[in-house]
Amino acid sequence: MSKLAVLGGTRAVPEGTTAPRWPIVTDAERAAVLGVVDSGRFTVAAGGEQEIPALEREWADRVGVGHCVAVANGTIGLSIALAAAGVGPGDEVVVPALSFVGTALAVVHLGAVPVFADIDPVSFNLDPDALRTALSDRTAAVVPVHLHGLPADMDEIGAVAARHRLAVVEDAAQAHGVAYRGRCTGSLGDLAAFSLNASKNLPTCGEGGLVTTDDARLAGRAALLRQFGERLPARGDRPYRSEIAGWNGKINAIQAAFTRAQLAHLDEWALARDRNVRAFLDRTAAIPGLVAPTAPDDREHGWHILRFRLRPAAFDLPETAGGALRAAICRVLRGEGVPASRYQSMPLSRQPLFADGGPACRRGDAPVTEAVVADSFVLQRVHLHPDAGPLLDRVADALEKVWEHRATLAVLARAQHGGDRVAA
Ligand SMILES: Cc1ncc(COP(=O)(O)O)c(C=O)c1O
């Protein structure tokens, strides 16, 4: 058994190994960006600008909806989508307790009230039963998040929403072009918002977002909301007339052009990623102390983030030691050269922004979210590149090595767990 790197052994991921760079930048991206710079047309408000409408058409076609409105980022995309659906001050919006904070902020920025509902312990997505429990007579909308790239249980959520006349706005920030029962993320609710942040599976060279819908009226409202409430004429002078209280939520043309170049490879790279990640997960699934992520048969997984839960019992530890075990494993894995980290260190409801005096929210119990936050770690970005297979092999070596040293890990976790209890 080779020695752990934190104890002076050789790293499982050799020193100097770097993850292939993401996003991929080739001559196509460079030419796309330069083309905009040379055109002098930088925003959707510039007469004759073509990159933004072209991206909107291409993405609507890829998703299988009639309309797409490109925006400045995923968070404002969610606010715009919710506002287009009629959500306003005082309305309650159910969101999963585990997500990126942008999901909740998009609600807060409308003066609406996020209501946090618990997640499923395997998919990490909104639990439809928790959605039912979270409803009140003020609930106006639900935001299912396709967390980590796995589509949420949209049929079950849609059925609850239809019964209670709720708007459904998908948070598809982490799930670009992923199939759910034969339909694509972004086409599964009334509207959806995607992020094009540089870290995403469909990235831009900075920040951007896409709002999709099959409803022409909602698309029209979204377009007004991103442009100061103004309706821009196809030709002729801008009238400077605001119909509603919109934002300046526009994407710029450089961002749109870069993403169009990426979109040309989205499916090819997703296929390579799926192959690499599944081979990696086949190995990690054989480690008894780990619960590797999976995708049900009725949907694809975008594999944006890989989250592993830990089984403390397999390390001879009590269930309550999940957090201490995760801390010990992350430390040891980082020593092996694996960038294991936490993704979301607390449920959304416990973000300091919602402390007393902060914006209104409603928090129910979220025991599953609490447990997942404590006993899981993630891999991000290292697996996104189509050539990430060899690196993932080394990461699997590291995870197997950690499992071989489970007795040491248990000692480290026990020391930390004891400390946690004393501190508590
Ligand atoms: C689940 C989720 N929702 C919303 C967002 C917000 O997107 P953006 O960073 O483009 O504003 C993100 C981005 O990280 C996200 O992961």
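Numbering of ligands and ligand atoms starts at 1, following listing order. All values below come from the heavy atoms of this structure, side chains included, with hydrogens, waters and symmetry mates left out. Residue numbers run from 1 in the order of the sequence given.
- Among all protein heavy atoms, the one lying closest to atom 12 (C) of ligand 1 is Phe100 CD2, 3.4 Å.
- For atom 9 (O) of ligand 1, the nearest protein heavy atom (residue, atom name, distance) is Ser195 OG, 4.0 Å.
- At a heavy-atom cutoff of 4.0 Å, ligand 1 is contacted by the side chain of Val145 but not by its backbone.
- Taking CG of Leu317 as the reference point, atom CG of Leu325 lies at 6.0 Å (rounded to 0.5 Å).
- Ring planes of Phe308 and Phe377: parallel class, angle under 30° (limits at 30 and 60°).
- Nearest protein neighbour of atom 13 (C) of ligand 1, counting heavy atoms only, is Lys200 NZ, 3.1 Å.
- For ligand 1 and Gly74, the ligand atoms under 4.0 Å from any heavy atom of the residue are 7 (O), 8 (P), 10 (O), 11 (O).
- A donor-acceptor pair is defined here as one N or O able to donate and one able to accept, closer than 3.5 Å; no such pair exists between the side chain of Asp365 and the backbone of Pro367.
- Remark: side-chain polar atoms of His385 are paired, donor with acceptor, to backbone N or O of Asp387 under 3.5 angstrom.
- Counting only heavy atoms of the protein, atom 15 (C) of ligand 1 lies nearest to Ala173 CB, 3.4 Å.
- Contact between Tyr343 and ligand 1 is present, with at least one heavy atom of the residue lying under 4.0 Å from the ligand.
- Only the side chain of Asp171 comes within 4.0 Å of ligand 1, counting heavy atoms alone; its backbone N, CA, C and O stay farther away.
- The nearest protein atom to atom 16 (O) of ligand 1, hydrogens excluded, is given as Gln174 NE2, 2.8 Å; this is a heavy-atom distance.
- A heavy-atom distance below 4.5 Å is not found between the side chains of Trp59 and Leu196.
- In this structure, Gly209 falls outside the shell of residues with a heavy atom less than 4.0 angstrom from ligand 1.
- Within ligand 1, counting atoms from 1 as listed, the ones closer than 4.0 Å to a heavy atom of Asn73 are 10 (O), 11 (O).
- Scanning the protein heavy atoms around atom 6 (C) of ligand 1, the nearest turns out to be Thr75 OG1, 3.2 Å.
- Ion pairing between a basic and an acidic side chain is recognised when a charged N comes within 4.0 Å of a carboxylate O; Arg299 and Asp153 show such pairing.
- Proximity of a side-chain donor or acceptor of Glu170 to a complementary backbone N or O of Gly186 within less than 3.5 Å is detected.
- Listed by number with element, the atoms of ligand 1 under 4.0 angstrom from any heavy atom of Ser99 are 1 (C).
- Taking the six-membered ring for Trp and the full ring otherwise, Phe280 and His383 have centroids separated by 6.0 Å or more.
- The residues Glu370 and Arg363 are annotated as not salt-bridged, no charged nitrogen and carboxylate oxygen being separated by less than 4.0 angstrom.
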